[in-house]
Amino acid sequence: MTAHVNEPYDFKAVEARWREHWNEKGYFRVDTKARDNTFYYLNMFPYPSGYLHVGHGRNYIIGDVLTRFYRMRGYNILNPMGWDAFGLPAENAAIDRGIHPREWTEKNIAYAKGQFGAWGIVYDWDREISTCDPDYYRWTQWLFLELYKKGLAYRKRATVNYCPQCKTVLANEQVVGGGCERCGSAPEPKTLEQWFFKITDYADRLLDDLAKLENWPESVKKMQENWIGRSEGAEITFKTETRDDLVVFTTRPDTLWGATFMVLAPEHALVDKITTPDKKAEVAAYRDRAIRASDIDRLSTEREKTGVFTGAYAVNPANNEKIPVWIADYVLATYGTGAIMAVPAHDERDFAFAIRYGLPILPVIERADRRARAFVPAAAVGADFDKVARDDGFPVEKTSHGFVLDPNWDDVNRAVRLIQGELKAGGWASVVGTRFAFIFQDAVIAHDSVATDREIVARCALLTGASFHARTAMEILTQIPAYEGFLFHSDIGTMQHSGRFSGTRGHLAKDAVTEWLEKGQKGKKAITYRLHDWLISRQRYWGAPIPIVYCPTCGEVPVPEKDLPVKLPDVAFIGKMGLADIPGYADTTCPTCGGKARRDTDTMDTFVDSSWYYLRFINPHDTRRAFVRDDVDHWLPVNQYVGGVEHAILHLLYSRFVTKALYDLGHVGFEEPFARLFTQGMVCLTAYKCPEHGWLYPKEVAEGNRCPHCGKALENPYFSMSKSKKNVVDPSEIIDRVGADTERLYTLFMGPPDRDIEWSEEGIRGSFRFLNRVWTLVSDCAPRLAPRTAAADPATLDAEGLALWRRVHRTVRKVSEDIQDRFSFNTAVSAIMELANDLAKYAERKDADPDLLREAVDRLVLVLSPICPFLGEELWRKVGHDGSPLEAGWPRVVEQALGADTVEIPVQVNGKLRARITVSAEIAADAKALEKAALESDDVKAKLGDVKVLKAIAVPNKMVSLVVR
RNA sequence: GCCGGAGUGGCGGAAUUGGCAGACGCGCAGGAUUCAGGAUCCUGUGGGGGUUACACCUCGUGUGGGUUCAAGUCCCUCCUCCGGUACCA
């Protein structure tokens, strides 16, 4: 390269020069009255908790690149930012520091805003919103009242998850892996009067409309689907001896004849009523234990199932059998009806429970594969049994305990007869699988009812003597190793042992039984959801107060809209408290009768705040409405929403629910808030953990990966960045050392944005090096450029010039596609690197074409500018332009430059690459001509020798494949 | 257990519609520059074979099989890792 002495890349000066520029010029201010060419880009707004690390940065950097790109393409792009500012951490942090949460929050917001500036990330700050601002939460309260009006907000006494650490209740969705989402401690059950949003009314629509969200990641849709957890089945009513209705939900009504006992959740309302006096003490003790221990113990699915018999019986409506009613904590009070009919033969949990407590297990569904297996104990037959069976056409396996044979489905009866005929006195055998029966010398007893179960056990006990312990036929069978995997199945299959339904084919069984139940008024078709109503009450201070007043005469009264907002009391913040603890807050007058009344003292879950914020950005300053319908109908659904996958369920499900509710209320004209969703991967880094001293900062770690305090070897787990694990990288350090442009470039370059990536110092250095090279390259070229209006004329370029010219335009096109269509920033960056490499090589020539240099340098700077905006501004001026790259617009592609005169086409022989031919573009595009060119090429002829070409496949512009001999 | 996603050089990754595997970057090696280190620049860099040198051959995208003129890409089997969820009847 020419030995120009240039100033080095002084990123600090460059970044300082442009930091305020974009805001001052108002490039990203948008008028939401605009109707043409509009694009609503939205990042999930952050919770202002201290500072943002480089992992958070990834999200916003992606957004900023897109915003700048769309701006250059001439869109009216809306990219607002706000703060999810209410919530527990603010309160807890404030308590620790003895200051008001508002103060703490505002300080963090100011800091984060500064971070965005340092990153070169620009928002329309005129639209900034903060959920803790009364001008905002007034409308959160309005939303509550709208839902209330429609009956979607209601209060009920319920047992809820209470986090003792955070001193508040949690929504179902906020209990993660059995612990509190925020602090991880185990929630305790607590019964309280609480407000709920009736999201279950929308379960079907939330589920069905997922199909419309074509541009959402499949994984997120699947997670929501699982969370909603729709199950179709039936509710079946059993009568207890006390004449009470015991209603169960089941997805398998076709297994009703196999229901040999019932299980209620320990909390079930009927437990007290039906428990017989002699069982009261035992039942009460079990229930207390279960309720207290529930969430900690219930975590383990591998735990032995426990339960207690209530002494009560119910009648199976299918066969009028009297079956015992148990309670057990494996049945959840919160799902279905809190009670089940246990079908141990076809439900794994019921099977385990029945085996443990000696309850009968009756198979009523045939195996789908129709396999059967018979086991004949060695002592039951003669030693030559295997030969006899084989002579009859049954392959037999001889084990140390006896003989195993697997007859075909239609051969089972013959096998049973054979075995019966071979039995010695006192011997017995059994067959399981598609048919269950016990074989005795004088009888074959099908295992098809409680009565036969008893008979089988009695006979076996008699024959076996004192060593016999089993309580049920199935228990006997579980002791036979050969039957492992044969005794239980949950297949859909033909019904058996089910009265007149026996023989009903599996695919018809459920409907047939349900229909019969409905006719006899014994049950009905039913759908159950895993999804529960959304608990929104929180017993804390830092949130939007619930706008409801309780009046002794009028009852529950909503605060009139004109009286909103119900403001948080302005108290000096001194410690842990909810609104209930603040003297005077609850005292008010009834809006209806004017008498003395009491305010609700709970605040709303912060997910309510964030469930509608995307609407407020359109008209953030409107004092009369939450939003203007005409405007939101135009701007929404959000064109592109980007955020962390950790919100796949909570925030996104709640937002979808609120949008649908507002649609039904006539406030918006769309049913889904986010048209396209992208969830970016997390940024990870090795963490250091001492078994004794906990997490350590990387710089604390002593030589040889040891703890500085105790010298123990450290664990090095690999985690997404998190302050608690001390593996975060503070962007201020990176920006100070190499600049924001380098951080931005590296963040995009290190990997595909939807995947988790590891932050690496070497990667940062590489990106920094590249920007230095670009700086030097552009500086070198600057004095040699043609006037800034010039364009290269391909007719005057030599081969190298033409190659570069094509590279320039191919790059522009690739970067456009990668950013706009593919969300593939890493490949956009590498394309830019390739352009820079080619340009550098060409620029070494003394006779470089000034017009081409101009075209190449300008376009390099322009396509780089959304990614590295500081450098983009600086270099754009350096090469003689006046305005910003944002004003220059996205460069136009010269279509002619995308083609080529000649193309190199690979030629394969028998699937192996053997030669390359160079042909004109015209020939390459024509299969016939291409094939001919390949066959006539000397190189190909030489490779082929004198073998015969059987077949030639020519794919235009791609390759030629020859099949020989 | 169930539901997703992923497995490609020493490393991050690329290959967009079944068509030249390893773009781009890091690291490493050799060289230039330098008193020296760093920085910078140049060259090389999947494994094996082969050549004085080129050429060239061969293997190769977690495993095993299949479809095809052609497979990282499609189908089946299995393994590993990551994420979500977990007694949901």
Side-chain angles (χ1 to χ4, degrees), chain A residues 1 8 176-178 217-223 225-227 229-231 233 248-252 255 263 265 298-303 305 328-332 334-343 346-350 352-353 490 528-531 645-646 648-649 681-682 684 718 720 745-746 749-752 754-767 769-770 772-773 776 814 817-818 821-822 824 826-834 836-837 840 904-916 950-955 957-964:
Chain A
M1 188 167 302
V176 180
E218 281 310 311
S219 57
V220 172
K221 288 195 276 188
K222 205 79 202 169
M223 280 189 212
E225 189 185 319
N226 291 341
W227 191 264
R230 182 187 150 108
S231 298
V248 301
F249 173 76
T250 177
T251 53
R252 292 296 301 271
T255 62
V263 187
R298 287 187 184 192
L299 253 187
S300 161
T301 41
E302 293 308 307
R303 186 175 67 114
K305 299 200 180 346
D329 65 2
Y330 82 89
V331 172
L332 306 177
T334 50
Y335 184 79
T337 61
I340 62 159
M341 62 176 202
V343 184
H346 305 296
D347 181 286
E348 211 172 349
R349 296 150 299 176
D350 297 344
F353 191 82
S490 54
T528 295
Y529 302 90
R530 211 187 80 114
L531 179 73
V645 73
E646 66 274 18
I649 296 165
M682 288 177 296
C684 302
Y718 169 75
S720 68
L745 182 74
Y746 173 60
F749 182 57
M750 59 185 161
D754 57 341
R755 236 184 288 166
D756 286 358
I757 36 160
E758 183 171 9
W759 185 265
S760 111
E761 186 49 39
E762 285 73 36
I764 281 284
R765 277 211 294 276
S767 294
R769 202 177 299 166
F770 173 69
N772 274 285
R773 261 203 318 270
T776 312
K814 171 140 181 74
E817 285 175 357
D818 282 356
D821 308 329
R822 297 211 306 145
S824 179
N826 52 329
T827 51
V829 170
S830 53
I832 295 170
M833 286 173 167
E834 286 176 276
N837 290 345
E904 200 183 55
I905 298 287
V907 180
Q908 289 185 353
V909 177
N910 283 351
K912 291 196 169 141
L913 179 69
R914 280 292 179 269
R916 293 191 175 87
L950 298 178
K951 193 175 169 189
I953 298 128
V955 184
N957 298 316
K958 287 267 164 64
M959 64 152 32
V960 176
S961 186
L962 304 174
V963 188
V964 302

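Note that the coordinates shown come from a computational prediction; the quantities given were computed from them, not determined experimentally.
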Which whole-number value in Å describes the distance from Asn910(A) CG to U58(B) P?
11 Å

For Lys912(A) and A21(B), give me the distance from atom NZ to atom P, rounded to whole Å.
12 Å

What's the gap between G38(B) and U33(B) when it is taken at their C1' atoms, as a whole Å value?
13 Å

Is the closest side-chain heavy-atom distance between Phe249(A) and Thr251(A) below 4.5 Å?
yes

Across the strands shown, which category fits Gly766(A) at heavy-atom distances under 4.0 angstrom: base, sugar-phosphate, nothing?
sugar-phosphate

Please classify the nucleic acid contact of Val963(A) as base, sugar-phosphate, or nothing, using heavy-atom distances under 4.0 Å.
sugar-phosphate

Any idea which of U16(B), G25(B), U40(B) is nearest the Arg769(A) side chain?
U40(B)

Identify the nucleotide, in any strand shown, that forms a Watson-Crick or G-U wobble pair with G27(B), with both distances under 3.5 Å; if there is none, say none.
U45(B)

By the 4.0 Å heavy-atom rule, please label Lys814(A) as base, sugar-phosphate, or nothing.
base

Which base, if any, makes a Watson-Crick or G-U wobble pair with C54(B), both distances under 3.5 Å?
none

Would you please classify the geometry between the Tyr330(A) ring and the Phe353(A) ring as parallel, tilted or perpendicular, with 30° and 60° separating the classes?
tilted

Under a 90° cut-off about 0 for the syn range, is G47(B) syn or anti?
anti

Given C87(B), C69(B), U58(B), identify the nucleotide with an atom nearest to the side chain of Lys305(A).
C87(B)

Short N-O contact, Glu225(A) and Lys222(A), less than 4.0 angstrom
yes

When the nearest nucleotide of RNA chain B is assigned to Thr334(A) and to Asn226(A) on a heavy-atom basis, which residue is associated with the more 5' position?
Asn226(A)

Of the candidate nucleotides A23(B), G4(B), G25(B), which contains the atom at the shortest distance from the side chain of Lys222(A)?
G4(B)

Looking only at A89(B), A15(B), G27(B), the nucleotide nearest the Thr250(A) side chain is A89(B)

Complement of U40(B), any strand, by Watson-Crick or G-U distances under 3.5 angstrom
A32(B)

By nearest atom, which of the nucleotides A89(B), C87(B), A86(B) is closest to the Arg530(A) side chain?
A86(B)

Ignoring hydrogens and geometry beyond distance, is the side chain of Arg916(A) in donor-acceptor contact with the base of C20(B) at under 3.5 Å?
yes

Check every atom of G13(B), C3(B), C69(B) against the side chain of Arg755(A) and return the nucleotide holding the closest atom.
G13(B)

In whole angstroms, the gap separating P of U43(B) from CG of Asn837(A) amounts to 11 Å

Between Asn826(A) and C24(B), is there a contact of a side-chain N or O with OP1 or OP2 at under 4.0 Å?
no

Could you work out which one of A23(B), U58(B), C69(B) sits closest to the side chain of Ser830(A)?
A23(B)

Using a 4.0 Å heavy-atom cut-off, does Asp821(A) contact any base of the nucleic acid, only the sugar-phosphate backbone, or nothing at all?
nothing

Which residue, Asp818(A) or Glu348(A), contacts RNA chain B at a nucleotide closer to its 5' end, judged by nearest heavy atom?
Glu348(A)

Quick check for you: among G19(B), G4(B), U85(B), whose closest atom lies nearest to any side-chain atom of Trp227(A)?
U85(B)

Side chain of Met833(A) only, please: which of A89(B), A70(B), G25(B) is the nearest?
G25(B)

Heavy atoms under 4.0 Å, any strand shown: does Met959(A) hit a base, just sugar-phosphate, or nothing?
base

Between G13(B) (P) and Asp754(A) (CG): distance, integer Å:
11 Å

G4(B) -> Watson-Crick or G-U wobble partner, both distances under 3.5 Å, gives C82(B)

Could you tell me whether a side-chain N or O of Asp756(A) sits under 3.5 Å from a main-chain N or O of Met682(A), the two making a donor and an acceptor?
yes

Any Ser231(A) side-chain N or O less than 4.0 Å from OP1/OP2 of A89(B):
yes

Nearest-0.5 Å distance, CG of residue Asn957(A) to CD1 of residue Ile905(A):
6.0 Å

I need the CD-P distance between Glu646(A) and G5(B), as an integer number of Å.
19 Å

Rounded to the nearest 0.5 Å, what's the gap from CE on Met750(A) to OG on Ser760(A)? Could you check?
8.5 Å

Taking atom C1' of A14(B) as reference, at what distance in whole Å does atom CD1 of Ile832(A) sit?
16 Å

Student check: side-chain heavy atoms of Arg252(A) and Val343(A) closer than 4.5 Å
no

Heavy atoms under 4.0 Å, any strand shown: does Arg914(A) hit a base, just sugar-phosphate, or nothing?
sugar-phosphate

Please classify the nucleic acid contact of Gln908(A) as base, sugar-phosphate, or nothing, using heavy-atom distances under 4.0 Å.
base

Would you indicate what Arg773(A) reaches in the nucleic acid, counting non-hydrogen atoms under 4.0 angstrom: base, sugar-phosphate, or nothing?
sugar-phosphate

In whole angstrom, what separates Leu745(A)'s CG from G25(B)'s C1'?
10 Å

Base-pairing assignment for C20(B) (Watson-Crick or G-U wobble, both under 3.5 Å)
none

Considering Watson-Crick and G-U wobble pairs with both distances under 3.5 Å, what does U67(B) pair with?
none

Step by step, would you call Lys814(A) with Glu817(A) a salt bridge (charged side-chain N to carboxylate O under 4.0 Å, His left out)?
CA-CA 5 Å; Lys814(A) 171 140 181 74; Glu817(A) 285 175 357; over 6 Å; no

Kindly point out which of G13(B), A89(B), G25(B) is positioned nearest to the side chain of Ile340(A)?
A89(B)

